[in-house]
Amino acid sequence: MASVKVRSRRDGAAIPLDETDKQLLNLMQGSFALVQRPFAHVAGLAGLDEAEVMQRVQRLLDGRIIREITPIFDTRALGYSSMLVAAKVDADVPHRAAKIINSHPGVTHNYLRNHDFNMWFTIATEPGSKLGLPGTLEILEKLTGAESIRELPTLKLFKIRMDLEMEKGTDALQAAGQAVEPLELDPIELSDEDVATIRATQGKMPVVSEPYAPAAERLGVGQDEVLARLESLRERGGLRRVAAILFHRRAGFSANGMGVWKVPEGQELEIGRQMAAFRGISHCYQRPTYEDWPYSIFTMAHGRSKEECDAILDSIAEATGISERATLYSSTEFKKVRMLYFTGDFRRWEEEHS
């Protein structure tokens, strides 16, 4: 296994952040409401005026602390098939394999991690795909020359919410909360109106008083109608929320550790519910095991350092009593983007490679 370096940003964010910036970053990740003037809503929560909120948010975008403000749609609910994949690629030239994998429009995250299975990526195929996930992975395995791959689809989803805690410290991140129930994975029924709304609203939102106005103009309807359609998608599970997505490392969260756990068979539901409740965990899933991969529960911990991630995962081990585990740290981020849905990119990729 090749040696990898885990980077830490011990001195905080890449640009100076005052306490108001940190408060706004928390609010923008979790309280950007489905209203006509969402920046004014955030301003009311922060005790500021709308103009100052927008000025600060634009500065955080320009300083690459905020990656983008965008609707976050649920891939599975929209009928896409997706999974996590672990690949064993040439450790001497992993960038070659990464470039090939990243060319697929359904690959949204791709990391180099400290394990024999060194490349970890998420991939999705659209409804009606001729190749599907198996055919797509077969092509990628051949093109990259991967020695082996492990398909790790989600069996149970306990948590998927990427909020970086900007105001509080390690104690808050390693604290346990109330156990949560698994989320549904079934696709919802989408109308032509739903698909048109997703196409019109997805992607980066502008920092203006009424950021839904451009989508309303594209759709030829009023903003109230756009908001009503998005609210309907949210209620049905197609839209998780609208939020700011941060550049983790530049925001000070330079380490992410994928904690994987060997949970006794039959206890996955109980243990997964417990693990998902920790504030420092953004994602928690049950996935299949293999003879050479006995870990059934996956937890993603994000911290300002490797030590902070370790503290979060150690707290989980203490609370659950699960001792057989491993932590895989990422050393290189090859790709991290939001999925764009119902475009022609998937069809073009398949036509080129099938």
Side-chain angles (χ1 to χ4, degrees), residues 1-4 6 76 82-89 91 94 101 107-123 133 137 141 146-162 173-174 176 179-183 185 255-303 306-333:
M1 179 172 62
S3 174
V4 295
V6 178
R76 288 166 296 273
S82 66
M83 69 169 62
L84 176 67
V85 179
K88 192 180 294 187
V89 305
I101 291 168
V107 172
T108 56
H109 297 67
N110 188 4
Y111 296 94
L112 190 69
R113 295 192 181 277
N114 60 325
H115 193 270
D116 288 340
F117 283 96
N118 51 355
M119 188 158 292
W120 293 73
F121 59 95
T122 58
I123 186 168
L133 282 172
L137 290 174
E141 185 174 12
E147 181 182 336
S148 180
I149 65 170
R150 285 287 176 266
E151 297 182 14
L152 297 163
T154 300
L155 302 180
K156 285 190 175 65
L157 170 58
F158 297 99
K159 185 179 186 181
I160 179 167
R161 183 161 181 122
M162 185 59 258
L173 295 175
Q174 65 183 120
V180 298
E181 294 302 318
L183 304 173
L185 298 174
N256 68 81
M258 186 170 69
V260 293
W261 309 81
K262 184 178 179 181
V263 175
E265 189 175 353
Q267 296 183 29
E268 294 92 351
L269 178 59
E270 175 191 351
I271 297 298
R273 291 173 69 247
Q274 274 186 271
M275 291 182 172
F278 281 75
R279 176 68 180 86
I281 295 300
S282 62
H283 300 65
C284 183
Y285 307 87
Q286 180 187 352
R287 300 191 186 279
T289 58
Y290 293 89
E291 187 175 338
D292 59 352
W293 187 264
Y295 309 108
S296 58
I297 301 294
F298 286 58
T299 54
M300 280 300 309
H302 295 267
K306 176 182 179 295
E307 292 75 19
E308 191 165 66
C309 287
D310 287 340
I312 296 166
L313 297 169
D314 288 346
S315 294
I316 291 176
E318 183 177 354
T320 60
I322 303 298
S323 58
E324 293 188 71
R325 59 180 175 123
T327 305
L328 282 65
Y329 282 98
S330 69
S331 59
T332 302
E333 178 184 286

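Among all heavy-atom pairs drawn from L313 and G257, the shortest one is CD1-O, 4.4 Å. The nearest pair of heavy atoms linking G272 to C284 is O-SG, 3.7 Å. For the pair A255 and C309, the tightest heavy-atom approach, listed with the atom from each and the gap, is O-SG, 3.5 Å. What you find for L133 and S82 is that their closest heavy atoms are CD1-N, 3.7 Å. Shortest non-hydrogen contact noted between A86 and L152 is CB-CD1, 4.2 Å. Among all heavy-atom pairs drawn from A319 and F278, the shortest one is CB-CZ, 3.8 Å.
Figure legend: cation-pi geometry between R150 and Y290, with NZ or CZ positioned under 6.0 Å from the six-membered ring centre and within 45° of its axis.
The side-chain heavy atoms of I271 and W261, taken from C-beta on, include no pair separated by under 4.5 Å. Between I322 and P264, some side-chain heavy-atom pair lies under the 4.5 Å cut-off. Between L328 and Y111, the closest side-chain pair of non-hydrogen atoms is not below 4.5 Å. Using a 4.5 Å heavy-atom cutoff, the side chains of I316 and I281 are in contact. Between R113 and N256, some side-chain heavy-atom pair lies under the 4.5 Å cut-off. Side-chain contact between L84 and F298 is present, with at least one heavy-atom pair separated by less than 4.5 Å. Counting heavy atoms from C-beta outward, W120 and M258 have side chains that approach closer than 4.5 Å. L137 has its side chain within reach of M83: a pair of non-hydrogen atoms, C-beta onward, lies under 4.5 Å apart.
Using a 30° and 60° split on the angle between ring planes, W293 and Y295 fall in the perpendicular class, above 60°.
Rounding to the nearest 0.5 angstrom, the gap separating the CD atom in E151 from the CD1 atom in I123 is 10.0 Å. For the atom pair NE2 of H109 and CD of E333, the computed distance is 8.0 Å after rounding to the nearest 0.5 Å.
The neighbour count for K262 NZ, taken as heavy atoms of other residues, nucleotides or ligands under 6.0 Å away, does not exceed 12.
For N118, the side chain to side chain contact (heavy atoms under 4.5 Å, CB included) partners at least two apart in sequence or on another chain are V89, A91, L112.
Test H283, Q274, R273 against F158 for side chain to side chain contact (heavy atoms under 4.5 Å, CB included) and you get one pass: R273. In summary, of the residues considered (E265, Q267, K156, E268), a side chain to side chain contact (heavy atoms under 4.5 Å, CB included) with S296 occurs for E268 alone.
For the pair T299 (side chain) and G259 (backbone), a donor-acceptor distance under 3.5 Å is present.
For the residue pair T108/T122, the side-chain donor-acceptor check at 3.5 Å is satisfied. Using modelled atom types and a 3.5 Å distance limit, the side chains of R287 and T154 yield a donor-acceptor pair.
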